[in-house]
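Working notes for the structure below.
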Protein chains: 2
Amino acid sequence: MIGRLNHVAIAVADLDAAERQYGDLLGGILSAREDLPEHGVTTVFVRLSNTNIELLHPLGMDSPIAKFLEKSPSGGLHHVCYEVEDIRAAMERLVAGGARVLGREPKIGAHGKPVIFLHPKDFSGTLVELEQA
Amino acid sequence: MIGRLNHVAIAVADLDAAERQYGDLLGGILSAREDLPEHGVTTVFVRLSNTNIELLHPLGMDSPIAKFLEKSPSGGLHHVCYEVEDIRAAMERLVAGGARVLGREPKIGAHGKPVIFLHPKDFSGTLVELEQA
């Protein structure tokens with residue numbers, strides 16, 4: 001079912017510092033910053049040849065990554081996103097297999113495509129996003 | 001400097017459960033289990049079309065992921081590994097830029113290639129592995 005690894009998301013407390021780390025130190029190619037107020041994040045992508053790293057920084061008062069940064073103040077690996085062909089078929093398969101999907105319906109994710117998130121407790125402690133490619 | 005994302009490593013407390021999650025539920029293609037006693041882990045790879053997920057389970061009394069699982073008992077995202085062309089050149093660039101490399105010399109990693117690990121505090125809380133491709 002899962003296809004490509006679309007991205008790995010890393011929550012960062014200091015976006016300037018993260019840009020230096022991934023740009024200057026590791027020599028990665030960085031996208032421009034993008035504010036996504038409806039998702040509560042500012043994003044920067046590190047463009048790798050086979051996939052992307054998404055740096056996530058909280059934006060606004062109700063950011064979904066604020067709690068993560070409370071627990072891990074400097075940041076850390078937040079989630080992985082796999083591509084699927086059909087998000088509803090994926091959802092049905094997962095629910096039939098006993099996995100918990102967060103929310104009842106796919107949402108439009110930060111990249112304008114339908115996404116679902118799966119409960120970390122059902123995936124060995126890892127937050128998994130599925131995106132319809 | 002950094003090239004492909006070689007793998008994302010996920011520490012798991014229950015390898016049977018993780019194989020069900022990534023194989024049966026998510027429909028990923030799994031490698032056979034491999035015990036690497038000299039690295040203190042048993043590994044299973046989830047083969048994606050563009051990269052790999054490495055499931056890491058502790059092996060023996062002195063596993064490097066035992067502490068991680070003490071803090072996060074069900075497991076979680078452990079590290080990301082980027083490919084570089086020249087591990088020593090990468091090390092020099094990083095040290096010159098003020099980043100801490102764990103250990104003084106590259107080691108031979110779990111895949112038989114020279115690797116270094118970078119201090120999570122210098123990379124926004126993320127443990128970074130570099131592997132000479």
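Sequence lines set the chain letters: A, B, ... in the order given, protein chains first and strands last, and positions in each chain run from 1.
Put simply, of Val84(A), Leu127(A), Asn52(A), Leu94(A), the one with the most heavy-atom pairs under 4.5 Å next to chain B is Leu94(A). Of the listed residues (Lys121(B), Arg20(B), Met1(B)), the one with the most heavy-atom contacts under 4.5 Å to chain A is Met1(B). The choice from Asp14(A), Asp122(A), Ile29(A), Val8(A) that makes the most heavy-atom pairs within less than 4.5 Å of chain B is Asp122(A). Options Glu83(A), Gln21(A), His78(A) differ in how many heavy-atom pairs under 4.5 Å they form with chain B, and the most are formed by Gln21(A).
The distance from the CG atom of Leu15(B) to the OG atom of Ser124(A) is 8.5 Å, given to the nearest 0.5 Å. Between atom CG of residue Leu77(A) and atom OG1 of residue Thr126(B) there is a gap of 4.0 Å, rounded to the nearest 0.5 Å. Residue Ile53(B) holds its CD1 atom at 3.5 Å from OH of Tyr82(A), rounded to the nearest 0.5 Å.
At a threshold of 4.5 Å between non-hydrogen side-chain atoms, the residues Phe123(A) and Leu26(B) count as touching.
Both the backbone and the side chain of Ala18(B) have a heavy atom closer than 4.5 Å to some heavy atom of chain A. Neither the backbone nor the side chain of Ala90(B) comes within less than 4.5 Å of any heavy atom in chain A. Using a 4.5 Å cut-off between heavy atoms, Ile10(B) touches chain A through its side chain atoms alone. Heavy atoms closer than 4.5 Å to chain A are found nowhere in Leu55(B), neither backbone nor side chain.
One hydrophobic cluster, built from ILVMFWY side chains closer than 4.5 Å, cannot hold both Leu130(B) and Leu56(B); they sit in different ones. Under the 4.5 Å side-chain heavy-atom criterion for Ile, Leu, Val, Met, Phe, Trp and Tyr, Val128(A) and Leu102(A) are members of distinct hydrophobic clusters. Linking ILVMFWY residues whenever their side-chain heavy atoms come closer than 4.5 Å, directly or via other members, leaves Val101(B) and Phe117(B) in distinct clusters. Both Tyr22(A) and Met91(B) are assigned to one and the same hydrophobic cluster, defined by single-linkage of ILVMFWY side chains at heavy-atom distances under 4.5 Å. Leu25(B) is connected to Leu118(A) through a chain of hydrophobic side-chain contacts under 4.5 Å among Ile, Leu, Val, Met, Phe, Trp and Tyr, so both are in one cluster.
Residue Ile2(A) comes nearest to Val46(B) through the heavy atom pair CD1-CG1, 4.5 Å, listed as atom of the first residue, atom of the second, then distance. Nearest heavy-atom pair, Gly125(B) versus Ser74(A), reported as atom, atom and distance to 0.1 Å: CA-OG, 3.9 Å.
At most 12 non-hydrogen atoms from other residues, nucleotides or ligands lie less than 6.0 angstrom from CG of Asp62(A).
Judged by distance alone, the side chain of Arg4(B) and the main-chain N or O of Leu48(A) form no donor-acceptor pair under 3.5 Å.
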